[in-house]
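In what follows, a single structure is set out as structure tokens and then discussed.
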There are 2 protein chains.
Amino acid sequence: MDAALDNAGAVEGAAVFKALADPVRLRLMSIIASAGDEVCVCDITPRFDVSGPTISHHLKVLREAGLVDCERRGTWVYYWPRPERLTWLSTLLSVPAGTTV
Amino acid sequence: MDAALDNAGAVEGAAVFKALADPVRLRLMSIIASAGDEVCVCDITPRFDVSGPTISHHLKVLREAGLVDCERRGTWVYYWPRPERLTWLSTLLSVPAGTTV
DNA sequence: AGTCAAGATAGACGTATGTCAAAGCAGCTA
DNA sequence: TAGCTGCTTTGACATACGTCTATCTTGACT
């Protein structure tokens, strides 16, 4: 009885949750993940009320958390989701077994 | 095409993710969720290296995020998970459709 | 009432985080 | 070469957060 997360797993998991723990970043993640394709930063920025540098900062946080990846092509930078990471988070959320009730 | 989260949803979602964005809280949540039953605080606290008040603080954060609930019975306080909330988070994570790779 | 134990709350302290303006860098076009 | 555009980095600032000690509350048991 005890499939609880160990300390190391908790540290890593919490780091990824922290990346989603901001409204701007969660919307960014949602926009990128729901696009079904890569998204240009130039299409993202105007949808927010914060400055360009702030968007750039948040995208970097998502990237360092392994949730998205990006590539520069010419003048523009494109982002796409990394679904494996989201799937892994989901497994952390799934109540691990004898879920009474 | 755009099933992206709106601002209000992002604010609420981010608040719940924030509750899980700390190693201590994530372990607490894991312990409570994997117990298959309610858990006494007196059984939780000794498993951590932080002080009692700190555990109490983190449990309060989880409670206010709607992730757990609790009841005092006699001298002891018991916590249990609220799986609906975890399920809801999972739906936020599920990539919403045309997941092209 | 008095005492003890389990948790919660209050207040303080250092660190981390979100934001912006300003500067920097990469790639286009001329 | 120069100049422009899209995005990132830097540095600064105010606020939020995690932790602790000290104090309070609740209930049990004399």
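All values reported here derive from a predicted model rather than from experimental measurement. Chain A is the first sequence line, chain B the second, and so forth, proteins listed ahead of strands; every chain is numbered from 1.
Atom CG of A:Leu28 and atom P of D:dT8 are 11 Å apart (whole Å). For the pair A:Phe17 CZ and C:dT17 P, the computed distance is 17 Å after rounding to whole Å. Atom P of nucleotide D:dC17 and atom CD of B:Glu64 are separated by 11 Å, given to the nearest angstrom. Following rounding to the nearest Å, A:Leu59 (CG) and D:dT8 (P) show an atom-to-atom distance of 6 Å. At whole-Å resolution of the value, CD1 in B:Ile55 and P in C:dT9 are 15 Å apart. The distance between atom CZ of B:Phe48 and atom C1' of D:dG18, rounded to the nearest whole Å, is 14 Å. The distance from atom OH of B:Tyr78 to atom C1' of C:dA8 is 17 Å, rounded to the nearest whole Å. One atom, CG of A:Leu26, and another, C1' of C:dG18, lie 16 Å apart when rounded to the nearest Å.
Of the side-chain N and O atoms in A:Lys18, none sit less than 4.0 angstrom from OP1 or OP2 of D:dC17. OP1 or OP2 of D:dT8 lies within a sub-4.0 Å distance of a side-chain N or O belonging to A:Tyr79.
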TODO: Verify side-chain contact (heavy atoms from CB on, under 4.5 Å) between A:Arg73 and A:Glu38, making sure each step is shown before the conclusion.
DONE: CA-CA 12 Å; A:Arg73 277 205 297 283; A:Glu38 54 190 22; 2.3 Å; yes

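Hydrophobic clustering (side-chain heavy atoms under 4.5 Å, transitive across Ile, Leu, Val, Met, Phe, Trp, Tyr) groups B:Val50 together with B:Ile31. Clustering ILVMFWY residues whenever any of their side-chain heavy atoms sit less than 4.5 angstrom apart, transitively, puts B:Leu67 in the very cluster that holds B:Val41.
Exactly one residue among B:Cys70, B:Ser56, B:Cys40 makes a side chain to side chain contact (heavy atoms under 4.5 Å, CB included) with B:Val77. That residue is B:Cys70.
With a 6.0 Å cutoff to the six-membered ring centre and a 45° limit on the axis angle, A:Arg27 counts as a cation-pi contact of A:Phe48.
Side-chain proximity of B:His58 to the nucleotides D:dC7, D:dT19, C:dG7 is greatest for D:dT19. For B:Asp22, counting side-chain heavy atoms from C-beta on, the closest listed nucleotide (C:dT19, C:dG7, D:dT19) is D:dT19.
Taking both residues in full, the closest heavy atoms of A:Lys18 and A:Arg25 are given as O-NH2, 3.1 Å, listed atom of the first, atom of the second, then distance.
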Open item on the list: Counting primed atoms plus P, OP1 and OP2 as sugar-phosphate and everything else as base, spell out the protein contacts along nucleotides 20-30 of chain D at 4.0 Å heavy-atom distance: B, S or - for each nucleotide, 5' to 3'.
Closed with: BBB---BSS--

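Nucleic acid contact class of B:Cys70 (heavy atoms, under 4.0 Å, all strands): none.
Salt bridge present: B:Glu12 and B:Arg85 bring a charged side-chain N and a carboxylate O closer than 4.0 Å.
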